[in-house]
Amino acid sequence: MAGRILIIADGPAALSYAPELITRLRQKKYTVQVAPTAYDGPSALAFVSELAWATISGHPCKAIEKLDAEAFRQQDLILLAPVSPQVLEVFRRGKALAYLQEAGKPVLAVPARLPDAVDEDPVLFQTQMPSRSRLCLGETPLELGAMGALKITPTETLLHFVDAALSKNDLQGKSALITAGPTAEDLDPVRYLTNRSTGKMGVALAIAAAVRGAEVHLIHGPLQTTLPELPNLHAISVRSAAQMHQAVVDHWHHLDFAILAAAVADFTPDHYVPQKIKKIDGQSLILHLLRTPDILAELGSREDHPYLVGFAAESDDVEINAINKLRKKRCDLICANDIRKPGCGFATDTNQITLYSPDEAPMQLPLKDKAEVAHDILNHIAKHLVK
Ligand code: CTP
């Protein structure tokens, strides 16, 4: 995603929060400019010099008090990180607030609050902020050394809010169901059957769809990745294939698209043993496994299914298997990957996918970060939803 972001920084959080945020935004290819506060007292410039801001952001820095109207107009997003009573005071006394209103750009305000602050106090900020501003409240402790601690939105979550503010919002108003992760099939209180999936691809799809405006229900098995708190991303945690099946059926209404990226166990023990199974010398143990419901195939067999996307992780005959799966499970799209290729297997941060659909030639996507692959898959879905 591209865009120009102006970060207004203040106080000690300028030292402990803003630098990492700026680095992460630049890694995501955003252009960042910093406008520190410069009043007498614990302003941003008292903690971090102009030269340091310019070095971290790669862009000349000018104090907020010295910015002109054009500096606001040039931006795609204004980020008040953190917004504080002192920033509001600078706004009140100078022309910055008028320039910001006039520029008409989206504003994200990130309060750094005292640990015992209650949720009513942001109202105070809201009443003094430009109408287009959105508050990002968070509970993560922000350590300020000798100055104590505040609480703030985690950087990771804020990055998703930034992506959402600058996204093309092409999935706004669309409702999506996504499955992710492995399932775990319990055998006894200690043992279970599962697979190598970490859930990264499904979670990346859910975040990307939410960032682009969709209302997303993410039904996931045990994950090895954390989920951000986004207002339109609703996570439903399950354990077994049977529970995932039930959760999908429960949420199977008024959907525009569904992406089944979970690595659902194909087999489950025929019964659960409530006590730990003890080994007996000289005896082997034979497990009897039953087939689990094929959720994707069941959904594909319904006449009224929404745009339906499945995954095929293959080690041989990728194309043949993907096309077979597309037909057999009656999907609109299969995302296939060759798990033997470097950077494509389970637990990697990258993936290389080929898209198979009934009416188009296969489309091979390059090896990319899973977040970018997720956007490529969603581009394909979005194109079909407007048809
Ligand atoms: N899937 C599902 N429910 C299952 C099994 C799989 O919804 N019980 C979905 C997966 O989420 C994925 C696709 O089906 O979208 C994978 O197809 P599948 O035939 O299960 O793949 P493999 O297990 O790899 O197939 P095979 O047994 O042919 O190797």
Determine, stepwise, if the pair Ile236 / Leu218 fulfils side-chain contact (heavy atoms from CB on, under 4.5 Å). CA-CA 6 Å; Ile236 299 122; Leu218 171 66; over 6 Å; no
Distance-only donor-acceptor check, side chains Asn321 and Tyr356, under 3.5 Å: no
Check whether Thr183 reaches the backbone of Gly221 with its side chain - one donor and one acceptor, N or O, closer than 3.5 Å. no
Arg330 atom CZ: more than 12 heavy-atom contacts under 6.0 Å: no
Quick one: list whatever passes ring pair (Phe, Tyr, Trp, His ring centres under 6.0 Å) with His220, sequence neighbours left out. none
Taking 4.0 angstrom as the limit, do Lys341 and Asp338 come out as a salt bridge? no
Using only atom types and a distance under 3.5 Å, with no angle test, would you say the side chain of Ser49 pairs donor to acceptor with the backbone of Leu45? no
Asp349/Lys370 salt bridge by N-O under 4.0 Å criterion: no
I'd like to know whether NZ of Lys383 has more than 12 heavy-atom contacts from other residues, nucleotides or ligands below 6.0 angstrom. yes
Test side-chain contact (heavy atoms from CB on, under 4.5 Å) on Val162 and Leu77 and set out the steps. CA-CA 8 Å; Val162 168; Leu77 176 72; 3.8 Å; yes
Side chains of Glu298 and His245: is there a donor and an acceptor less than 3.5 Å apart? yes
Does a salt bridge link Asp76 with Arg4, judged by any charged N lying under 4.0 Å from a carboxylate O? no
Any chance CZ of Arg191 has more than 12 other-residue heavy atoms, nucleotides or ligands included, within less than 6.0 Å? yes
Test item: side-chain donor near acceptor, Asp10 and Ser84, under 3.5 Å: yes
Out of Arg93, Glu89, Glu65, which one pairs with Tyr39 under the side chain to side chain contact (heavy atoms under 4.5 Å, CB included) rule? Glu65
Listed by chain and number, what are the side-chain contact (heavy atoms from CB on, under 4.5 Å) partners of Thr55, not counting sequence neighbours? Leu51
Look at the side chain of Thr350 and the backbone N and O of Lys368, then say whether any donor-acceptor pair between them is shorter than 3.5 Å. no
Looking at Glu139 and Arg113, does any basic side-chain N land under 4.0 Å from a carboxylate oxygen? yes
Verdict with supporting geometry, Glu229 and His160, side-chain hydrogen bond (donor to acceptor under 3.5 Å, both in side chains): CA-CA 9 Å; Glu229 282 185 28; His160 295 309; over 6 Å; no
So, Asp332 side chain and Leu308 main chain: donor-acceptor pair closer than 3.5 Å or not? yes
Donor-acceptor contact below 3.5 Å, side chain Asp294 vs main chain Ala297: yes
Is the closest basic N to carboxylate O distance between Lys62 and Asp68 below 4.0 Å? no
Any donor-acceptor pair under 3.5 Å linking the side-chain atoms of Asn232 with those of Arg212? no
So does Asp359 have more than 12 non-hydrogen atoms from other groups sitting under 6.0 Å from CG? yes
Within a reach of under 6.0 Å around NE2 of His254, are more than 12 heavy atoms found that belong to other residues, nucleotides or ligands? no
Side-chain donor/acceptor pairs under 3.5 Å, residues 256-272, sequence neighbours excluded:
unit_1: Asp256; atom_1: OD2; unit_2: Ser175; atom_2: N; d: 2.7
unit_1: Thr268; atom_1: OG1; unit_2: Glu185; atom_2: OE1; d: 2.8
unit_1: Asp270; atom_1: OD2; unit_2: His288; atom_2: ND1; d: 3.1

Would you indicate whether Asp40, at its atom CG, is surrounded by more than 12 heavy atoms from other residues, nucleotides or ligands within a distance under 6.0 Å? no
Decide whether Gln33 and Gln75 meet the rule of one side-chain donor and one side-chain acceptor closer than 3.5 Å. yes
Taking Asp188 for the side chain and Ile277 for the main chain, is one N or O donor matched with an acceptor at less than 3.5 Å? yes
Looking at Lys325 and Glu314, is any side-chain nitrogen of the basic one under 4.0 Å from a carboxylate oxygen of the acidic one? yes
Closest contact, heavy atoms only, Asn195 versus Ser197: OD1-N, 3.0 Å
Taking C-beta and beyond as the side chain, do His375 and Asp163 meet within less than 4.5 Å on heavy atoms? no
Flag, side chain of Arg134 to backbone of Leu108, donor-acceptor distance under 3.5 Å: no
Where the side chain of Thr153 meets the backbone of Cys136, is there a donor-acceptor pair that is under 3.5 Å apart? yes
Does one side chain, of His251 or Gln246, offer a donor that lies under 3.5 Å from an acceptor on the other? no
Are more than 12 heavy atoms, taken from residues, nucleotides or ligands other than Arg327, located less than 6.0 Å from that residue's CZ atom? no
Does NZ or CZ of Arg239 come closer than 6.0 Å to the centre of the six-membered ring of Tyr192, within 45° of the ring's axis? yes
Strictly distance-based, threshold 3.5 Å: is any side-chain N or O of Trp53 a donor or acceptor partner for the main-chain N or O of Val48? yes
